[in-house]
Protein chains: 2
Amino acid sequence: MPVKIKDIARICGVSAGTVDRAINNRPGINENTKKRILKVAKELNYRPNYTAQSLVKGKTSTLGVILFDLHNRSFAQLMNAIELKARENGYFVYITLTDKDPNNEKQCIEYLVERNVDGIILFSVNRGNEFEDYLKSFDIPIITVFNKISENWDYVGIRERQAMKDAVTHLVNKGYERFIYVSPPLMYMGKTNIYTQEERLYGFIEGLKSFNIQEEPIIIKEKNYIDILKEWNFQSEYKTAVVCSCDLYALEVLQLLKEKGVNVPGNVGVMGFDNIDVLKYVTPRLTTVEYPIEQIGSDAVESLISKIEHDHFLNIPLLDYKIILGESI
Amino acid sequence: MPVKIKDIARICGVSAGTVDRAINNRPGINENTKKRILKVAKELNYRPNYTAQSLVKGKTSTLGVILFDLHNRSFAQLMNAIELKARENGYFVYITLTDKDPNNEKQCIEYLVERNVDGIILFSVNRGNEFEDYLKSFDIPIITVFNKISENWDYVGIRERQAMKDAVTHLVNKGYERFIYVSPPLMYMGKTNIYTQEERLYGFIEGLKSFNIQEEPIIIKEKNYIDILKEWNFQSEYKTAVVCSCDLYALEVLQLLKEKGVNVPGNVGVMGFDNIDVLKYVTPRLTTVEYPIEQIGSDAVESLISKIEHDHFLNIPLLDYKIILGESI
DNA sequence: ATGAAAGCGCTAACAT
DNA sequence: ATGTTAGCGCTTTCAT
């Protein structure tokens with residue numbers, strides 16, 4: 001049985017209130033009694049019961065985090081940054097994983113609310129006005145990361161669209177004339193929240209438009225994109241770039257091209273997105289887009305805590321990216 | 001303001017006790033009043049206050065997880081498995097990261113205890129009898145994973161030693177005669193808990209002993225192992241294997257050998273450990289050891305919950321591994 | 001400076 | 001079947 005304030009009070013021959021004053025060094029207590037109480041508390045290895053504290057204070061100093069999973073490196077890094085920043089600010093973090101199941105996500109939100117978290121960081125698979133109303137029905141602060149759920153909801157993310165647009169610019173400058181875009185998640189368009197993937201796609205399309213090339217962009221949304229590319233004839237007279245919405249797809253493509261004996265970068269180039277850490281072990285080194293994922297986590301926590309403690313979210317501008325020059329372009 | 005049991009009671013003209021009976025469908029309540037109450041509860045979007053429940057029940061249905069970080073893929077996968085299994089059993093998970101700081105780890109434990117978690121899963125950086133006594137001073141169940149803290153503490157892990165021993169056997173069968181072992185974490189031997197790394201090392205040494213080769217094993221514990229290997233003369237008449245305690249080191253070694261123009265696998269082979277998912281993008285394909293990391297997380301949760309709910313840990317045998325044949329040996 | 005009492009929201013034992 | 005009461009461990013207000 002853990003020792004309680006009452007125990008200490010009994011032993012010291014004082015009331016619970018006085019013990020409380022000593023432990024939380026509140027004013028109105030004699031220095032000596034305070035010392036006596038603290039000594040006993042220490043001897044008995046007293047630890048405050050946070051649950052009781054939370055109940056009376058109406059605050060748990062806990063954040064809920066909702067992610068798809070931790071298999072994706074980016075999510076893991078995001079989570080890592082969130083935990084660090086949160087605890088730095090005296091908050092603990094509940095982690096909940098939805099596996100991209102919209103109902104599971106709702107389930108998570110409701111559980112977190114029941115557990116009285118002070119705020120939620122949400123990487124959402126749901127989206128739209130109805131979902132926005134649903135979120136509003138819980139009156140606790142919720143901040144979204146990466147995937148916007150609607151235009152106005154508080155959000156921390158990066159300039160995805162501009163990043164992909166710049167990537168296209170880079171490719172055009174390098175002399176590429178034909179473009180294939182690979183992004184299997186686009187298959188879920190209209191079904192689940194794939195905001196970031198959509199943004200990247202639009203960036204790609206806008207990029208092409210701005211240079212007035214390839215009116216009909218080639219977009220591969222199929223899960224078996226490798227099979228599709230397997231049949232592709234890369235020996236055209238055009239210098240072709242395969243632009244991928246994530247590094248993992250790009251790595252698969254690189255591997256395929258190696259198998260097909262296509263020289264990279266030669267007639268064909270490959271562009272990734274994310275700059276995952278394992279790229280350094282792969283040759284040719286993939287050209288990709290880097291963005292400060294840990295910053296997103298950290299900023300989201302800061303903004304959320306600001307909302308919790310001072311009732312206003314921080315105004316966090318979209319974070320910037322950087323094109324990492326490799327050898328695949 | 002969230003709606004409370006009292007609100008419902010007032011509206012329905014009954015007592016809080018009756019509302020409680022309705023909501024938690026406990027016996028001793030008229031079907032009609034029950035229906036009436038549930039209807040109102042639903043209309044008002046009533047959600048039980050978990051903090052209050054926890055306080056009175058003396059149980060939070062929460063597990064604490066303590067890990068180094070989530071940058072390491074294995075840790076992330078472990079965490080993923082833990083969350084899934086925990087919530088499947090009605091538990092939520094606090095994630096806390098220590099960054100391998102022993103004091104931070106203690107801090108985490110104490111905070112988790114204060115927050116009345118029902119149990120803790122600990123990937124420990126501390127170890128030894130003193131630490132064991134420290135852990136015992138909290139009377140909540142704590143289960144360790146991967147790193148043992150002492151011989152008797154409840155633990156879920158894999159047959160690391162045997163795995164590495166088998167790896168050596170495999171190498172000997174493939175005709176390797178000379179062995180270099182790479183494991184920078186060994187530098188922390190005696191300082192922090194590197195149980196798994198030690199086990200792998202002993203497995204390596206035992207393996208060599210059993211074949212009576214290389215009395216003086218070559219062990220590189222330096223952080224700059226690459227610099228050391230850079231100076232190495234791999235052109236000896238002996239077929240040499242570089243055995244690495246983690247895939248990441250092996251990948252670095254592979255890259256170095258590529259740079260040095262050493263043919264792999266020819267005179268030199270490289271062996272990894274972990275089978276991280278990105279191996280499939282690297283050529284030559286690394287030969288490595290695979291183990292069921294998600295199973296460890298899942299088993300740890302099961303055992304811990306068994307202890308919480310039925311007062312006995314499960315008896316989980318050390319999990320098995322598998323040598324994955326690549327092209328680097 | 002200290003004690004007593006009420007209350008956070010809920011559950012559970014005891015009355016009626 | 002329903003109401004009443006006490007209490008989980010702590011904080012806070014009001015007396016003294």
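Protein chains get the first letters and strands the later ones, always in sequence-line order, with residue 1 at the start of each.
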Nucleotide by nucleotide, nucleotides 5-16 of chain D touches protein heavy atoms under 4.0 Å in the pattern (B base, S sugar-phosphate only, - none) --BBBSSB----
Do the side chain of [X] and the main chain of [Y] share a donor and acceptor less than 3.5 angstrom apart?
| X | Y | result |
| --- | --- | --- |
| B/N80 | A/D69 | no |
| B/R10 | B/S15 | no |
| A/N25 | A/A22 | no |

Which pair of non-hydrogen atoms, one from B/D118 and one from B/S61, has the smallest distance, and what is that distance? OD2-N, 2.6 Å
Have A/D20 and A/N24 got a donor and an acceptor in their side chains that come within less than 3.5 Å? yes
State yes or no: are the ring centers of B/Y195 and B/F146 separated by less than 6.0 Å? no
Nucleotide range of DNA chain C contacted by chain B, 5' to 3', under 4.0 Å to a heavy atom? C/dG9 to C/dA12
Decide yes or no for A/V117 and A/L63: does some side-chain heavy atom of the first lie under 4.5 Å from some side-chain heavy atom of the second? no
Under 4.0 angstrom between B/T18 side-chain N/O and D/dG3 OP1 or OP2: yes
Between its two end axes (five pairs each) the helix from C/dA1-D/dT16 to C/dT16-D/dA1 turns, nearest 10 degrees, through 50°
Where do B/F68 and B/D99 land on the side chain to side chain contact (heavy atoms under 4.5 Å, CB included) test, with the steps shown first? CA-CA 5 Å; B/F68 298 166; B/D99 202 24; over 6 Å; no
Determine, stepwise, if the pair B/N89 / B/R87 fulfils side chain to side chain donor-acceptor pair (under 3.5 Å). CA-CA 5 Å; B/N89 285 276; B/R87 205 137 55 75; over 6 Å; no
Which ones in residues 28-35 of chain B lie close to DNA chain D, meaning a heavy atom under 4.0 Å from one of its atoms? B/G28, B/I29, B/N30, B/T33
Would you tabulate the side-chain donor-acceptor contacts of residues 34-41 of chain A under 3.5 Å, counting partners in other chains and residues two or more places apart, or write 'none'?
{"from": "A/R36", "atom 1": "NH2", "to": "A/C12", "atom 2": "O", "distance (Å)": "2.8"}
{"from": "A/K39", "atom 1": "NZ", "to": "A/E43", "atom 2": "OE2", "distance (Å)": "3.4"}

Hey, are B/E132 and B/K136 close enough for a salt bridge, meaning a charged N less than 4.0 Å from a carboxylate O? yes
Across all chains, not counting sequence neighbours, the side chain to side chain donor-acceptor pair (under 3.5 Å) partners of B/N49 are none
